[in-house]
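All of these numbers come straight from a predicted model, not from anything done at the bench. All chains are named by letter (A, B, ...) in the order of the sequence lines, taking the proteins before the strands, and each is independently numbered beginning at 1.
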Protein chains: 2
Amino acid sequence: MEATPHLRETVGCLCLAARRAARAITASFDRGLRAHGLRSTQFTLLAVLALKGEQTIGALATIIGADRTTMTRNVALAARRGLVTVARDEADARSRRVAITPGGRSTLEEAFVTWRTVQHTLTEAMGTAAADGLRRIAKDRLAARSGA
Amino acid sequence: MEATPHLRETVGCLCLAARRAARAITASFDRGLRAHGLRSTQFTLLAVLALKGEQTIGALATIIGADRTTMTRNVALAARRGLVTVARDEADARSRRVAITPGGRSTLEEAFVTWRTVQHTLTEAMGTAAADGLRRIAKDRLAARSGA
DNA sequence: GCTTGATGCGTGTATATACATTCTTGCCAT
DNA sequence: ATGGCAAGAATGTATATACACGCATCAAGC
């Protein structure tokens, strides 16, 4: 009926697949983290800071794979809520050193239990192979960002 | 050094992986589609309408896997740009029937060539197995939305 | 010291996203 | 017929995202 059979190729669009998957997965985590007053974005930020210690805005953007300007706003939000602190770097006045606060760490610890539950549920639902595949795509795509 | 070795588990966070992958993949498509004045979101919307014919807002939300309120705004944007039309359903005045315009179809056709290139490039970069895995996750997660 | 380019961030703007709520409309039982 | 509930959509609000652009600062030369 449609005069555009070639468009059927777009049914397998990787962009739709990736965004759809991300929306669904994010929703699952957000629903769980909600009880702790966190969103997926904030949880990730806190986890990175807790694991790797204080970081600059740019470093966080690279690690999390988001735009630097996006990270500026995400960090500002977390700072406003007292989860992290932002301080000038004494060695380089251009840089901002972002660090997790004790309160942020407490929140993270509490949320971690919930996170783990959701993580396990989703891993089971999609299978470990798919989960590993997704992580690999995330890592590889990041590399391609600077390359091509 | 850190007193939180258990948090290392979050390195494999599926939410971070999914969002990071989606951001990177979206960026690739957006860069390509830019020449046609489209974003990934709009491209997907047009492709669905071209393939499946006119749809209601709610149907589009289900198909694309986004919130209905998000779809309302995405459709409004496309309508403002003349890519789609929004009309009341004569059978049910609550519904809105969204249809692609001739202009929208032309834009889609032009953008399709670019889309195909990016799609192939990314498929090669991540491998067909990973691409299929991603699509499967997107489909499965969607099902889980209504179920649990 | 000053210029020049590079680097790290922040802002303006536009879109994308979703939850809570409200509005409109349809439907159904009484 | 109508009152109440359900369904479809729009709006208010907050966050997430990125590009274009500008500002501050540093590093290298000179």
Side-chain angles (χ1 to χ4, degrees), chain A residues 15-16 18-35 37-45 55-62 64-81 83 86-98 145, chain B residues 15-16 18-35 37-45 55-62 64-81 83 86-98 145:
Chain A
C15 194
L16 172 56
R19 293 169 73 79
R20 195 175 180 170
R23 277 191 296 255
I25 292 174
T26 298
S28 292
F29 280 101
D30 278 354
R31 277 197 294 271
L33 294 174
R34 186 158 204 160
L38 286 181
R39 296 248 205 137
S40 297
T41 312
Q42 304 277 312
F43 178 86
T44 299
L45 174 60
Q55 301 283 332
T56 65
I57 302 276
L60 285 172
T62 301
I64 294 176
D67 191 87
R68 191 182 43 72
T69 66
T70 298
M71 197 50 59
T72 292
R73 320 216 189 209
N74 287 350
V75 166
L77 260 180
R80 203 179 313 159
R81 302 186 48 194
L83 300 170
V86 184
R88 293 193 105 83
D89 188 328
E90 300 183 359
D92 187 340
R94 292 171 303 181
S95 295
R96 299 279 183 278
R97 303 201 66 84
V98 185
R145 253 178 112 78
Chain B
C15 193
L16 172 57
R19 291 169 74 79
R20 196 175 180 170
R23 278 192 294 257
I25 291 173
T26 298
S28 292
F29 280 101
D30 279 353
R31 277 197 295 271
L33 295 174
R34 187 159 204 159
L38 287 181
R39 296 244 203 142
S40 298
T41 312
Q42 304 277 311
F43 178 86
T44 299
L45 175 60
Q55 301 285 331
T56 64
I57 302 276
L60 285 172
T62 301
I64 294 176
D67 192 87
R68 202 179 52 258
T69 66
T70 299
M71 198 49 60
T72 293
R73 320 217 189 210
N74 288 349
V75 166
L77 260 179
R80 203 179 312 157
R81 301 185 48 192
L83 301 169
V86 184
R88 292 193 105 84
D89 188 327
E90 300 183 0
D92 187 340
R94 293 172 301 181
S95 296
R96 299 279 184 278
R97 303 201 66 84
V98 186
R145 253 179 111 80

- [ ] Confirm from the modelled atom types if A/Thr69 and D/dC19 form a donor-acceptor pair under 3.5 Å, side chain to base only.
- [x] yes

TODO: Write down the distance between CD1 (A/Ile64) and C1' (D/dA18), rounded to a whole number of angstrom.
DONE: 15 Å

- [ ] Could you tell me the separation between the CZ atom of B/Arg31 and the CZ atom of B/Arg39, rounded to the nearest 0.5 Å?
- [x] 13.0 Å

TODO: Answer with base, sugar-phosphate or nothing: what part of the nucleic acid does B/Thr70 contact at a heavy-atom distance below 4.0 Å?
DONE: base

Task: Residue-phosphate contact under 4.0 Å: A/Arg23 side-chain N/O, C/dT17 OP1/OP2 - done: yes

Task: Length of the CZ-C1' vector between B/Arg81 and C/dA14, whole Å - done: 11 Å

TODO: Ignoring backbone atoms, establish whether B/Arg96 has a side-chain N or O less than 4.0 Å from OP1 or OP2 of D/dA10.
DONE: yes

Open item on the list: Within this structure, what is the OG1-CZ distance for the pair A/Thr56 and A/Arg96, rounded to the nearest 0.5 Å?
Closed with: 11.0 Å

Task: Side-chain N or O of B/Ser95 closer than 4.0 Å to phosphate OP1/OP2 of D/dA7 - done: no

- [ ] Take the protein atom CZ of B/Arg68 and the nucleotide atom P of C/dA20, then report the distance between them rounded to whole Å.
- [x] 13 Å

TODO: Using heavy atoms to find the nearest nucleotide of DNA chain C for B/Ala93 and A/Arg34 separately, return the residue whose nucleotide is more 5′.
DONE: A/Arg34

- [ ] First locate atom OG1 of B/Thr70, then atom CD1 of B/Ile64, and finally report the distance between them rounded to the nearest 0.5 Å.
- [x] 10.5 Å

- [ ] Find the distance A/Arg88:CZ to C/dG10:C1' and express it as a whole number of Å.
- [x] 11 Å

- [ ] Report the nucleotide, chosen from D/dA9, D/dT17, C/dC19, that has the shortest atom-to-atom distance to any side-chain atom of B/Asp67.
- [x] C/dC19

Open item on the list: Using OP1 and OP2 only, check whether a side-chain N or O of A/Arg19 sits under 4.0 Å from C/dT17.
Closed with: yes

TODO: Kindly say if A/Thr72 contacts the phosphate of C/dG10, meaning a side-chain N or O under 4.0 Å from OP1 or OP2.
DONE: yes

- [ ] Please figure out whether A/Leu77 or A/Asp89 has its closest DNA chain D nucleotide nearer the 5' end.
- [x] A/Leu77

Open item on the list: I need the minimum non-hydrogen distance between B/Ile25 and A/Cys15, along with the two atoms involved.
Closed with: CG2-CA, 3.8 Å

- [ ] Ignoring backbone atoms, establish whether A/Gln42 has a side-chain N or O less than 4.0 Å from OP1 or OP2 of D/dA16.
- [x] yes

Task: For atom CD1 of B/Ile25 and atom C1' of D/dT17, their distance in whole Å - done: 16 Å

Task: N or O in side chain of B/Arg39 less than 4.0 angstrom from D/dT17 OP1/OP2 - done: no

Task: Between C/dC9 (P) and A/Gln55 (CD): distance, integer Å - done: 11 Å

Open item on the list: What is the distance, to the nearest angstrom, from the CG atom on B/Leu45 to the C1' atom on C/dA16?
Closed with: 13 Å

Task: Donor-acceptor pair under 3.5 Å, B/Arg73 side chain vs D/dG12 base - done: yes

TODO: Kindly point out which of C/dT24, C/dG8, D/dT11 is positioned nearest to the side chain of A/Arg94?
DONE: C/dG8

TODO: Identify whether any heavy atom of B/Thr56 sits under 4.0 Å from a base atom; if not, whether one sits that close to sugar-phosphate; answer base, sugar-phosphate or nothing.
DONE: sugar-phosphate

Open item on the list: Output the rounded distance in Å from CD1 (A/Ile57) to P (D/dA24).
Closed with: 18 Å

Open item on the list: Please compare A/Ser40 and A/Glu90 by the position of their nearest nucleotide in DNA chain D and report the one closer to 5'.
Closed with: A/Ser40

Open item on the list: Any side-chain N or O of B/Asn74 below 4.0 angstrom from OP1/OP2 of C/dT17?
Closed with: yes

Task: A/Leu16 side, atom CG; B/Leu45 side, atom CG - distance, nearest 0.5 Å - done: 11.0 Å

Open item on the list: Can you confirm whether the side chains of A/Arg19 and B/Thr41 place a donor and an acceptor under 3.5 Å from each other?
Closed with: yes

